[in-house]
Amino acid sequence: MLRKANPNLQEDLTALYQRMLLEMQKQDFCGRWYLLTVWGTTPATTSMDPDSAM
C-alpha cells in the first residue's frame with residue numbers, strides 16, 4: 001500500500017537512512033531512547049465460587 005502511495009519509497013528510505021548515518025556521526029549528536037522496565041508477581045488465586053467458602 002505504501003508503494004502505491006509513494007512509488008519512490010525505497011529511494012526515499014535509502015536517502016533518509018544515509019542522512020541518519022551522517023547525523024549520528026556528528027560531534028553534537030544526541031540520541032534518546034526511552035525505556036520502561038516493569039516486573040511483578042501474580043497474586044495467589046482464590047476461588048470465587050460462593051459454595052466453596054462454606
Side-chain angles (χ1 to χ4, degrees):
M1 178 162 182
L2 287 174
R3 292 224 171 198
K4 289 180 183 178
N6 184 359
N8 299 323
L9 180 63
Q10 186 62 46
E11 292 84 10
D12 291 346
L13 290 176
T14 301
L16 186 61
Y17 180 74
Q18 294 298 322
R19 179 178 167 191
M20 177 205 63
L21 291 177
L22 290 173
E23 289 186 9
M24 285 177 61
Q25 294 174 1
K26 289 184 178 179
Q27 188 69 21
D28 63 344
F29 173 76
C30 178
R32 294 183 183 171
W33 181 6
Y34 297 101
L35 178 65
L36 174 65
T37 302
V38 179
W39 68 88
T41 59
T42 304
T45 58
T46 59
S47 176
M48 298 302 287
D49 184 13
D51 293 334
S52 67
M54 294 183 169

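Everything quoted here is computed from the prediction, not taken from an experiment.
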Subject >> Nonpolar side-chain network containing Met24, other nodes, edges under 4.5 Å >> reply: Tyr17, Met20, Leu21, Phe29
Original post:
When clusters are formed from ILVMFWY side-chain contacts under 4.5 Å, directly or step by step, what else is grouped with Trp39?
Top reply: none
Original post:
Distance from Thr14 atom OG1 to Glu11 atom CD, nearest 0.5 Å?
Top reply: 7.0 Å
Original post:
For Leu16, which fellow cluster members are found when Ile, Leu, Val, Met, Phe, Trp and Tyr are connected by side-chain heavy-atom distances below 4.5 angstrom, either directly or through intermediates?
Top reply: none
